[in-house]
Amino acid sequence: MNEYDSQSVEAKWQKRWEEERLFAPREETTGRKMYVLDMFPYPSGDGLHVGHVKIYTAADVVSRYLRMKGMNVLHPTGWDAFGLPTENTAIKKKVHPADLTKQNIERFKKQMQAVGYSYDWDREINTSDPDYYRWTQWIFIKLFNMGLAYEATIPINWCPSCKTGLANEEVEDGNCERCGTVVVKKPIRQWMLKITKYADRLLQGLDGLDWPKAVPEMQRNWIGRSEGAEVDFKVEGTREAIKVFTTRLDTIYGTTYLVLAPEHELVLKLVNGQMDGVVLGNKDEVQAYVMQVKDRSDRDRVADSEIKSGVEMKGLMVSNPVNRQLIPVWVADYVLGSYGTGAVMAVPAHDERDFMFAKQHQLPILQVIQPKIAKGNAQLPYTGEGVLINADEQSGLKSEVARETLVKVLQLKGEGRKKVNYFLRDWVFSRQRYWGEPIPIIHCEECGAVPVPEEDLPVRLPDIKEYEPTGTGESPLASAADWIEVKCPNCPRIGKRETNTMPQWAGSSWYWLRYLDPTNREELASREIMDKWLPVDLYVGGAEHAVLHLLYARFWNMALFDQGVVAHEEPFTRFRAVGLLLGEDGQKMSKSRGNVINPDTVISRVGADALRVYVMFMGPFSNAMPWSETSLIGVSRFLRRVWKRVGSLIDKLSEQDSADMSYVLHDTIKRVSEGIEQFKFNTAVAALMEMLNKLEEGEGVSRSTLEAFVLMLAPLAPHMAEELWEQLGHPESLIYRAWPKLNQSILAAAVKRIAVQVNGKVRGEIDMVPGMAQSKAEELARLEKNVAKYLGASIVKKVVYVEGRMLNFVVENGENPKDETKEVPAYRQAGETNPKSEISKF
RNA sequence: GCCCGGGUGGCGGAAUUGGCAUACGCGCAACACUUAAAAUGUUGUGCCCAAAAGGCUUGCGGGUUCGAGUCCCGCCCCGGGCACCA
């Protein structure tokens with residue numbers, strides 16, 4: 001047989017798969033539908049990354065496996081084509097982002113096809129295509145009509161380098177997620193999406209998902225639900241009250257002062273002298289403090305949390321609703337304007353931040369919770385639960401109980417109520433950049449913000465000359481004068497188009513729906529088709545999107561569900577996250593480090609199959625893993641051996657398998673199937689390697705066994721498998737050939753070598769025929785020289801026999817000193833199992 | 001600080017979920033082929049001991065069990081996420 005030529009074999013099969021359109025779903029199959037989705041790539045100028053290859057190969061292996069299992073598989077891909085990097089490169093190279101995107105897509109597509117992915121390319125979508133973003137805009141209008149999209153002028157995160165506003169989710173550690181520049185606060189007019197309205201449902205939906213544990217956990221933390229109470233502290237001398245939020249209402253008797261965030265509206269009012277009944281004694285001081293704090297970025301504000309600055313608002317006093325005590329009010333930037341009510345009741349004895357602040361500003365500290373197990377005096381601040389002291393009639397109550405009691409008391413007086421707060425903020429949805437979906441809104445002096453009528457969609461991105469970001473908070477679209485001016489849909493006036501564009505995340509927040517019906521011009525997708533295919537059965541991608549794409553997509557899907565567009569609330573039933581593929585030096589791959597592995601080079605050197613099998617074999621799918629050149633060579637060696645061995649066996653096949661070979665086959669079927677189903681691809685590959693080792697040793701290989709081996713290789717190394725399949729005399733592709741059938745009884749009937757232990761230590765082995773009685777096994781075991789030696793003349797207290805596993809003689813003598821000294825527990829004497837053990841439950 | 005995930009040979013890792021720890025691969029060593037090297041093949045390869053016999057070994061310490069990498073309690077270390085969220 002010839003040396004394997006990966007280049008020509010791979011080209012041959014890729015061409016054939018494409019010509020025969022083999023990867024479209026097969027409606028005639030009787031198996032269930034399976035929607036296998038991977039996160040579509042952003043077609044950057046860098047080309048396909050081997051990290052993509054790891055994700056896409058996993059999804060491809062599963063898709064190919066499921067087809068062979070007789071299921072109707074939908075496996076599409078497309079392009080997440082709007083976004084900043086392309087726009088930035090386009091500006092630098094002085095080309096249009098659309099042209100650049102087109103080039104990048106062409107390159108990506110070629111690269112992806114070279115790996116041999118089984119996508120149904122007839123469903124390819126592109127988020128920057130007007131026929132696609134028309135529906136992104138359509139959804140936006142739905143959200144607008146549902147009251148979920150609104151305009152607001154608030155201080156938002158602004159990246160001075162990208163010259164655009166960002167969502168909270170796009171800020172990492174105070175830096176822009178894209179470029180790493182320190183984010184500043186900038187008040188500009190924004191479109192916001194009311195994701196907070198879905199906070200509870202986004203939280204609840206997580207419970208039913210088959211996702212890696214960490215991802216729902218991250219979303220839970222991000223949503224940050226906390227239950228507590230809102231309490232009104234009346235401002236002395238006025239009818240007004242300051243609302244605070246607390247999760248520890250039980251500590252309210254220990255409130256020795258109140259703190260307002262510098263952004264709190266009352267601060268501004270008092271500085272301007274606009275409040276009747278209160279005159280600030282230190283107006284200038286307060287104003288100076290607020291001004292000073294305003295310029296600090298969030299990161300600076302948090303940077304030195306040990307030092308808590310603040311100023312007392314002299315002349316402002318509030319009364320504690322539980323005991324009418326008058327307490328002072330401070331303004332300090334350790335309280336955030338954007339969470340809760342922007343004001344807190346400070347309980348220095350039971351909150352670390354309040355404690356620090358009180359110490360630094362000499363404010364009184366009053367303990368009101370006594371730890372339950374009182375070891376003298378509690379170390380303050382004490383933040384645990386306990387019993388109330390110094391709390392009038394509530395003294396003696398447990399803190400958990402006091403929270404409930406006090407909220408009822410305050411509720412009766414109308415001065416407090418239960419309240420749930422979230423860390424989640426509304427989604428800042430507009431970007432002051434060119435390369436994104438235009439927001440389909442027309443501003444009319446008379447009618448306000450009016451959605452573009454459905455029949456006028458899409459609102460096309462105008463072709464303009466100057467699309468560099470302005471940096472002023474205006475989008476570059478603002479310069480497209482004749483595009484902007486448009487008749488108001490509601491009245492005869494001339495209105496102005498919205499010039500902000502949507503963020504990168506918009507197009508990917510619903511793309512899995514469009515694959516189902518990519519050319520539909522009437523609807524985003526036909527309801528009938530959606531009902532057939534949704535939800536997505538398997539989603540594969542990066543965990544870095546845990547609180548970005550995966551949260552946004554769930555939100556949009558829920559909103560579409562509420563509109564009756566889709567039938568499921570959750571879009572992705574099962575999600576699997578890839579582990580990062582690092583450079584050989586263990587560092588993240590980057591051009592500047594020079595450790596980037598290019599898939600094209602790997603394919604030309606060892607072939608696509610070797611690349612595929614390698615990324616599957618390198619370790620558990622979810623582990624971060626450095627690239628290893630030697631392991632890649634190892635895998636390519638394995639494939640060469642497969643080629644040679646299968647080729648030479650074709651002429652030497654036996655009528656029947658040897659018993660040994662038949663066991664190996666079914667053991668391999670089991671392990672490869674389970675490996676693929678459970679995303680343990682490394683063990684699936686290992687099983688195939690072991691089977692090859694057996695094929696190399698053995699005579700007694702039947703045609704069907706050899707064919708089964710080739711079929712099991714097919715999802716992982718499809719090109720070589722097809723070529724071998726053809727050489728085995730099958731002219732048609734193996735894509736829809738049935739997966740080898742597992743015969744459990746062959747595994748069960750096999751003779752096994754089992755361990756014989758004496759007091760838990762292995763002293764010998766015996767051959768165990770299935771169904772062998774314990775007495776027979778014991779008899780065989782005693783014949784083993786080494787076993788006999790250890791048994792000696794000692795008394796056998798007990799024999800533990802697990803069929804097919806092991807045989808253990810428990811003997812009573814000096815061999816295991818533990819036995820002599822140990823007391824036999826009561827439950828054992830009674831012949832019962834350990835009540836603490838798991839086993840006793842069954 | 002809080003919340004997840006994880007510690008198994010020189011390295012990546014496997015272990016039917018409580019039943020022969022170290023499968024598979026890499027690396028290394030010896031041998032074969034070769035003038036030589038590469039490639040390929042064969043054999044060996046957890047640690048201690050010259051070897052056999054034997055003993056030890058899944059981050060550390062305890063416990064449950066006939067039997068623990070796996071279960072329970074307490075610590076240590078590494079990775080990730082969030083972080084003045086009241």
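Below, read A as the first sequence line, B as the second, and so on, with proteins coming before strands; counting in each chain starts at 1. If you're wondering where the values come from, they're calculated on a predicted model, not measured in any experiment.
Take A:Gln744 and apply the side-chain contact (heavy atoms from CB on, under 4.5 Å) test, not counting sequence neighbours, and it matches A:Lys670, A:Leu742, A:Leu747. Checked against side-chain contact (heavy atoms from CB on, under 4.5 Å), A:Leu209 has the following partners two or more places apart in sequence or in another chain: A:Leu206, A:Trp211, A:Arg554, A:Glu570.
RNA chain B lies under 4.0 Å from no heavy atom of any residue of residues 575-586 of chain A. Within residues 801-808 of chain A, the residues having any heavy atom under 4.0 Å from RNA chain B are, by residue number, A:Val802, A:Arg805, A:Met806, A:Asn808.
Nearest nucleotide to the side chain of A:Tyr334, out of B:A83, B:G54, B:C84: B:C84. With distances taken from any side-chain atom of A:Met218 to the nucleotides B:A39, B:G25, B:G81, the minimum falls on B:G81.
Remark: A:Lys680 is in phosphate contact with B:A15, judged by side-chain N or O atoms under 4.0 Å from OP1 or OP2. Not one side-chain nitrogen or oxygen of A:Lys213 sits closer than 4.0 Å to the OP1 or OP2 atom of B:C4.
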- Indicate for each nucleotide in nucleotides 27-32 of chain B, in 5' to 3' sequence, whether protein heavy atoms under 4.0 Å reach the base (B), only the sugar-phosphate (S), or nothing (-). S-----
- Item | Dot-bracket encoding of pairs in RNA chain B, which uses [ ] for pseudoknotted crossings and | for another strand, Watson-Crick or G-U under 3.5 angstrom | (((((((..(((......[....)))((((((.......))))))(((.....)))..(((((..]....))))))))))))....
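If you check every strand for non-hydrogen atoms under 4.0 Å, A:Glu352 touches nothing. Among the atoms of the strands shown, base atoms are found under 4.0 Å from some heavy atom of A:Val335. The residue A:Glu674 sits apart from the nucleic acid: no heavy atom pair falls under 4.0 Å. Across all strands, A:Pro620 comes closer than 4.0 Å only to sugar-phosphate atoms, never to a base (heavy-atom distances). Contact annotation for A:Asn693: backbone-only contact, meaning every heavy-atom pair under 4.0 Å involves sugar-phosphate atoms and none involves a base. In this structure, A:Met625 reaches the sugar-phosphate backbone alone: every heavy-atom distance under 4.0 Å involves primed, P, OP1 or OP2 atoms, never a base. Counting non-hydrogen atoms under 4.0 angstrom, A:Gly340 reaches nothing in the nucleic acid.
Both A:Lys670 and A:Glu696 lie near RNA chain B, and the one whose nearest nucleotide falls closer to the 5' end is A:Lys670.
The heavy-atom pair separating A:Val685 from A:Met616 by the smallest distance is CG2-CB, 4.4 Å.
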